[in-house]
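Beneath this line is the structure, given in structure tokens, with notes to follow.
Below, read A as the first sequence line, B as the second, and so on, with proteins coming before strands; counting in each chain starts at 1.
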Amino acid sequence: MVAISLPDGSVREFDGPVTGLRIAEDIGPGLAKAALAVTVDGTMVDLTLPIEADAEVSILTAKDEAALELLRHDAAHVMAQAVQELYPGTQVTIGPAIENGFYYDFAREEPFTPDDLGKIEARMVEIVKRDLPIVREVWGRDRAVEYFTSIGESYKAELIESIPGTEDIKIYRQGDWLDMCRGPHLPSTGKLGVHFKLMKLAGAYWRGDSRNPMLQRIYGTAWADKKQLANYLTMLEEAEKRDHRRLGQEMDLFHLQEEAQGAVFWHPKGWTVYRALQNYIRRRLDAADYVEVNTPMMVDRSLWEKSGHWEKFREHMFISEAEEKILAMKPMNCPCHIQIFRQGIKSYRDLPLRMAEFGACHRNEASGALHGLMRVRAFVQDDAHIFCTEDQIVSETQAFCALLKSVYKDLGFDEVKVKFSDRPDVRAGSDATWDKAEAALKEATDAAGLAWTLNPGEGAFYGPKLEFVLRDAIGRDWQCGTLQVDFVLPDRLGADYVGEDGDKHRPVMLHRAILGTFERFMGILIENCAGKFPLWLAPVQAVVSTITSDADNYAQEVFQALKAKGIRATLDVRNEKINYKVREHSVAKVPVILVVGKKEAEENTVAIRRLGGNVQEVLALADALDTLQLESVPPDLRG
RNA sequence: GCCGCCUUAGCUCAGGGGUAGAGCAACUGAUUCGUAAUCAGUAGGUCCGCGGUUCGAAUCCGCGAGGCGGCACCA
């Protein structure tokens, strides 16, 4: 007797082992048809797998989020079958479900072309139409290795060999095609449906290791129905429209060119936003008792040798030679900050010492890693190093987390996630020190009210770290802020202070940034607001547009008044129709258009039109000026 | 760095072994108009670079650069 408890609380009894499909049939034919898999005591399994003991079972259909993952995994298998039918001799490797879709990595001499994607997709539809039953088999390891080796699937054989000897090898067969896979899978290929699309071709290293051969990866997206697929494709189009590289050009914010690969040419408008952002951060740091410094951009190699960077990151540093000395463009500010710390004698009374710098750093990133503003070779961080005692780690971390959260909120990001990276296998410092540092970081993060997830073993070799990830308007995650506890660098570069006891001690150094780099954050900001900057950041905050030349003098007066109030305004007295002007300034995403015609000039008013709206508000000039001035105050300066 | 694709006017893109195309933008002129494109005209090109094939290359082939999509990397 097997008792099956269902999600509605009911219990059904069967006289022996029973499959999920039987249970579904028992409930109703409609459900049996829609069933894709079952969860047994919370674990997803095949619909055809016998359930031997009492269990809590729930039947999964396309409506369940978990079933979608299954569907995507099956899409990967169907794609692999299609590829092997169309291109004999191609080897399969791995093909998991991923967010929004799936991929499969193939080994094949000849590259796939974009045209091939269409052919593969058509064959996939055909395989779905064949509605091949998907049958699970359990093989012995040796048999599996032997089989895959015999048909020339050396990657699969290698995979099986790396599975622990105690585990069964599961084979899923659909028609005359089969693959080794952990499962579970759909009952038949027909259940996959045809709401998938192959998206892109890419290279990917075997087992993610750049020393291994490169395979050909095909990415696809798959959904439960037509509407979901269409929504996803629409979302991608929307994301493309707010791509910071596209908006950067359309809005005349910045450009990149090959003579300065990975370095940004900021245009007046982009630089205006950049400055507004930097000034904002500078005020926030001042308010949080940081001191700002500035240190050399090029420093002799000997300093990098002492800090350990020369040994570890030499390849990624830009080098210059002068008078038989080798200088390196600084890839980071911290060694220089320690030089300032070391000047004179520091007392415990000087700690915590929070030293900030907006210093230009250069790193020779791999050419393939460069990506618009998001990954560049020349950048400025909102960087600071907090020199403190071990006892001050908690309070400093807590204060930092609070500052970070507040900054993100001001900039329009409310969702912040934290990744906590603890001790790696290879590390410096004693276990006792690590215990202390990790506990302090955790305590402080909790106290700051931030939810964190563990990133085991991913800490820096010199200490544990926090990574702050924020989510943008269209649901993408960006890692921006960081806080790293460092016991090593102060030691290597000889930083010390005199303690209460009169002895010399090593300070702990907290490396921290909120935005990360200004370049990258500008990119994130542009994409998050789709180019429609909040008023305090907008490069042009208001444009005064005339209807006829009769209002030119008055428009000039309005324009000067705006400037006098510190508002970034432009004047548009061109002989164009107001429709034309409104459209042009709207496309340029200017937040406020002040329209003035004969009537406004006579009455000393302005008609305000805001970006995205189509209503006009007529205000007395003095009121309009006050309103706009108030609205353009940066968030940290608001009463 | 690795794999694939792409590179034509300021921008978006079409074309394609025989004198280089469109829309928008720019410029000139006309138009003075009430909230998302007024009309007409003019000008604009090393078809990414270098080499090869050819009577002839922007087009075909090779090499290189940059960009794009991934992978690897990210102190």
B:U12 OP1/OP2 closer than 4.0 Å to side-chain N/O of A:R246: no
For atom CZ of A:R245 and atom P of B:C11, their distance in whole Å: 16 Å
Pairwise side-chain contact, A:L201 with A:L117, heavy-atom cut-off 4.5 Å (strictly under): yes
Residue closer to the 5' end of RNA chain B, A:N614 versus A:M214 (nearest nucleotide): A:M214
From B:U35, B:C2, B:G4, nucleotide with atom closest to A:I578 side chain: B:U35
Separation between the C1' atoms of B:G23 and B:U31, rounded to whole Å: 23 Å
Spacing of A:L198 atom CG relative to B:G70 atom C1', expressed in whole Å: 15 Å
Touch class at under 4.0 angstrom, heavy-atom based, for A:Q616 against every strand present: base
Nearest-nucleotide pick for A:K200, side chain only, options being B:G4, B:G70, B:G34: B:G70
Nearest-angstrom distance from the residue atom CD of A:E584 to C1' of B:C24: 12 Å
Nearest-Å distance for atom pair CG/P, residues A:L201 and B:G70: 12 Å
d(NE2, A:H585; C1', B:A37) in whole Å: 13 Å
Distance below 4.0 Å between A:H371 side-chain N/O and B:G69 OP1 or OP2: yes
Distance test, side-chain N/O of A:Q249 to OP1/OP2 of B:G10, below 4.0 Å: no
Touch class at under 4.0 angstrom, heavy-atom based, for A:Y205 against every strand present: base
Distance below 4.0 Å between A:R583 side-chain N/O and B:C24 OP1 or OP2: no
Sugar-phosphate only, base, or nothing, as touched by A:K581 at under 4.0 Å among non-hydrogen atoms: nothing
Sugar-phosphate, base or nothing in reach of A:R610, heavy atoms under 4.0 Å: nothing
Which atom of A:T93 lies closest to which atom of A:D105, heavy atoms considered: OG1-O, 2.5 Å
B:G1 and B:A20, which share atom name C1', separated by this distance in whole Å: 38 Å
Sugar-phosphate, base or nothing in reach of A:Y219, heavy atoms under 4.0 Å: sugar-phosphate
A:H371 and A:H244 aromatic ring geometry - parallel, tilted or perpendicular at 30°/60° bounds: tilted
Plane angle bin for A:F420 and A:W452 - parallel if under 30°, tilted between 30 and 60°, otherwise perpendicular: tilted
Ring centroid separation A:F196 to A:F102 under 6.0 Å: no
C1' atoms of B:C47 and B:C60, separation to the nearest Å: 15 Å
Minimum-distance nucleotide (side-chain atoms of A:V582 versus B:U35, B:C3, B:A72): B:U35
Pairwise P distance, B:A9 and B:U53 [rounded to whole Å]: 28 Å
Spacing of A:L594 atom CG relative to B:G34 atom P, expressed in whole Å: 19 Å
P-based separation of B:C6 from B:G62 [nearest Å]: 13 Å
Nearest to side-chain heavy atoms of A:K599, which nucleotide of B:A36, B:G34, B:A65: B:G34
Under-4.0 Å salt bridge between A:E158 and A:R207: yes
Closest to side chain of A:K577, choosing from B:C33, B:G4, B:A72: B:C33
Selected nucleotide, minimal atom distance to A:K465 side chain, candidates B:G69, B:C11, B:A75: B:A75
Under-4.0 Å side-chain N/O to phosphate OP1/OP2 contact, A:R609 with B:G34: no
Proximity of A:H73 and A:Y104 rings by center, below 6.0 Å: no
Length of the NE2-P vector between A:H309 and B:C74, whole Å: 13 Å
is_close_aromatic(A:F254, A:H267), centroid dist under 6.0 Å: no
Sugar-phosphate only, base, or nothing, as touched by A:R363 at under 4.0 Å among non-hydrogen atoms: base
B:U32 phosphate, OP1 or OP2, under 4.0 Å from A:N575 side-chain N/O: no
P spacing across the pair B:C11 / B:U46, given as an integer number of angstrom: 12 Å
Strand RNA chain B as a dot-bracket string - pairs counted if Watson-Crick or G-U with both distances under 3.5 Å, | where the partner lies in another strand: (((((((..((((....[..)))).(((((.......))))).....(((((..]....))))))))))))....
Side chain of A:Q261 (C-beta onward), nearest among B:C2, B:U32, B:G66: B:G66
Side-chain N or O of A:S367 closer than 4.0 Å to phosphate OP1/OP2 of B:G1: yes
N/O donor-acceptor pair under 3.5 Å between A:D572 side chain and A:S545 backbone: no
Selected nucleotide, minimal atom distance to A:R375 side chain, candidates B:A36, B:A37, B:C74: B:C74
Touch class at under 4.0 angstrom, heavy-atom based, for A:G208 against every strand present: sugar-phosphate
Nucleotide B:C33, atom C1' - distance to CG of A:N579 in whole Å: 9 Å
Sugar-phosphate, base or nothing in reach of A:P331, heavy atoms under 4.0 Å: base
Among B:G69, B:A75, B:G34, the one nearest A:M332 by side-chain distance: B:A75
A:F313 over B:A75, stacked by centroid distance under 5.5 Å, angle under 30°: yes
Whole-Å C1' distance, B:C50 and B:C13: 27 Å
For the student: nearest non-hydrogen atoms of A:Q216 and A:E110, plus distance: NE2-O, 2.9 Å
Shortest side-chain distance from A:A204, nucleotide among B:A36, B:C71, B:G4: B:C71
Sugar-phosphate only, base, or nothing, as touched by A:S210 at under 4.0 Å among non-hydrogen atoms: sugar-phosphate
Given RNA chain B, 5'-ward residue of the pair A:E576 and A:L256, judged by closest heavy atom: A:E576
Side chains of A:K241 and A:R246 in contact at under 4.5 Å (non-hydrogen atoms): yes
Sugar-phosphate, base or nothing in reach of A:Y103, heavy atoms under 4.0 Å: nothing
Touch class at under 4.0 angstrom, heavy-atom based, for A:E600 against every strand present: base
Sugar-phosphate, base or nothing in reach of A:A607, heavy atoms under 4.0 Å: base
Euclidean distance for C1', B:G66 against B:C48 (whole angstrom): 8 Å
Sugar-phosphate only, base, or nothing, as touched by A:Q484 at under 4.0 Å among non-hydrogen atoms: sugar-phosphate
Side-chain donor-acceptor contact under 3.5 Å, A:W223 with A:T221: yes
